[in-house]
Colleague: 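One structure coming up, written as structure tokens, with questions to follow.
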Amino acid sequence: MFRLPDHFFQSTDVVGISRALLGKFLVTNFEDRLTAGRIVETEAYRGPDDKACHAHLNRFTKRTQVMFEAGGVAYIYLCYGIHHLFNVVTAEAGMPHAILIRAIEPTDGIEIMQERRGMNTLKPQLTAGPGVMSKALGIDKAYTGISITDPGSPIWIEDRQEVLPPEDICSGPRIGIDYAEECKDWSWRFWIKGNRWVSKK
DNA sequence: CACGGGATCGTCT
DNA sequence: GACGATCCCGTGT
């Protein structure tokens, strides 16, 4: 059970890292309130050549600049004016890759997550979907750009030595990017087979 | 269960 | 000034 280090995130294979994140644990600890869940769904976004990526053609703006940092920092942005979507930046500095974490299976601090979501029952809509997952974990865009590998950072990803058989990894097109032309059908969304905490079938 | 629409605001044109 | 890597609720079946 340890915090994933920078080198885990600094390979150039963003698709491979997206698969490798399945079965790891996304953890937050804000004001001594620890919440976490097992990552069950991810999507890869690959900078220059991916029309679905905010940093397509190396587009560098105030919003996208953190994607150009070395792997291991958080890229969090506001979507539809409401939802704060959490990504982890990967690759070396200057290469704008990121992975969207879309869903977790709640494991720690479940009551805290329910409170943040205003729910009193435990069901997949607590954390199935990138917007609601962030809300349950207390993540918002104020944390964009922070390292998730520094000891002491309030957001990190943990390896709890769970083994996930390769045949349990499914893939398909990414969600909500139909505008991305020839990139829209790339199978860069990954999820754990049969897991009820995944956002979509 | 499928759908259709509204919420809501930062970001970029 | 348009739109989005979403979600939720209302309607109809």
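Convention: sequence-line order gives letters A, B, ...; per-chain numbering from 1.
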Colleague: Could you verify whether a donor N or O on one side chain and an acceptor N or O on the other, from A/T149 and A/D6, lie under 3.5 Å apart?
Modeller: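 Side-chain D/A pair, A/T149 to A/D6: present.
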Colleague: Taking only heavy atoms on the protein side, list every residue of residues 105-113 of chain A lying under 4.0 Å from any atom of DNA chain C, sorted numerically.
Modeller: none
Colleague: Establish, yes or no, whether a centroid distance under 6.0 Å links the rings of A/F30 and A/Y143.
Modeller: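 When the ring centroids of A/F30 and A/Y143 are compared, they turn out to be within the sub-6.0 Å range.
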Colleague: Do A/N120 and A/Q114 pair up side chain to side chain, a donor and an acceptor below 3.5 Å, judged on atom types alone?
Modeller: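 Side-chain D/A pair, A/N120 to A/Q114: absent.
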Colleague: Hey, can you tell me if A/W188 and A/W186 have their rings parallel, tilted or perpendicular (30° and 60° cut-offs)?
Modeller: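 Geometry flag for A/W186 against A/W188: tilted rings.
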Colleague: Taking the basic N atoms (NZ, or NE/NH1/NH2) and the acidic carboxylate oxygens, is any pair closer than 4.0 Å for A/D140 and A/R116?
Modeller: no
Colleague: Under 4.0 Å between a side-chain N or O of A/H54 and OP1 or OP2 of C/dA5?
Modeller: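 Answer yes for this pair, as a side-chain N or O of A/H54 is under 4.0 Å from OP1 or OP2.
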Colleague: Taking the side chain of A/T61 as heavy atoms from C-beta outward, which of B/dC12, C/dA5, B/dA7 is closest to it?
Modeller: B/dC12
Colleague: Without hydrogens or angle criteria, can the side chains of A/R102 and A/S199 be said to hold a donor-acceptor pair below 3.5 Å?
Modeller: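 Short answer, yes.
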Colleague: Reading DNA chain C 5' to 3', how would its secondary structure be written in dot-bracket notation, given Watson-Crick and G-U pairs with both distances under 3.5 Å, brackets [ ] for crossing pairs and | for partners on other strands?
Modeller: ||||.|||||||.
Colleague: Taking the six-membered ring for Trp and the full ring for Phe, Tyr or His, determine whether the centres of A/Y45 and A/H54 are under 6.0 Å apart.
Modeller: no
Colleague: Would you say whether A/Y45 stacks on C/dA5? The test is a distance between ring centres of less than 5.5 Å and an angle between planes of less than 30°.
Modeller: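 Here the ring of A/Y45 and the base of C/dA5 are stacked, with centres under 5.5 Å and planes under 30°.
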Colleague: Checking contacts here: which listed nucleotide (C/dA5, B/dC12, C/dC7) is nearest the side-chain heavy atoms of A/H83?
Modeller: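 Closest nucleotide among those given: C/dC7.
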Colleague: Can you tell me if A/R117 touches the phosphate of C/dC8, counting only side-chain N or O atoms and a distance under 4.0 Å to OP1 or OP2?
Modeller: yes
Colleague: Please measure how far the P atom in C/dA5 lies from the corresponding atom in B/dC3, and state the result in whole Å.
Modeller: 22 Å
Colleague: Hydrogens and angles aside, do A/R3 and A/S153 bring a side-chain donor and acceptor to less than 3.5 Å of each other?
Modeller: yes
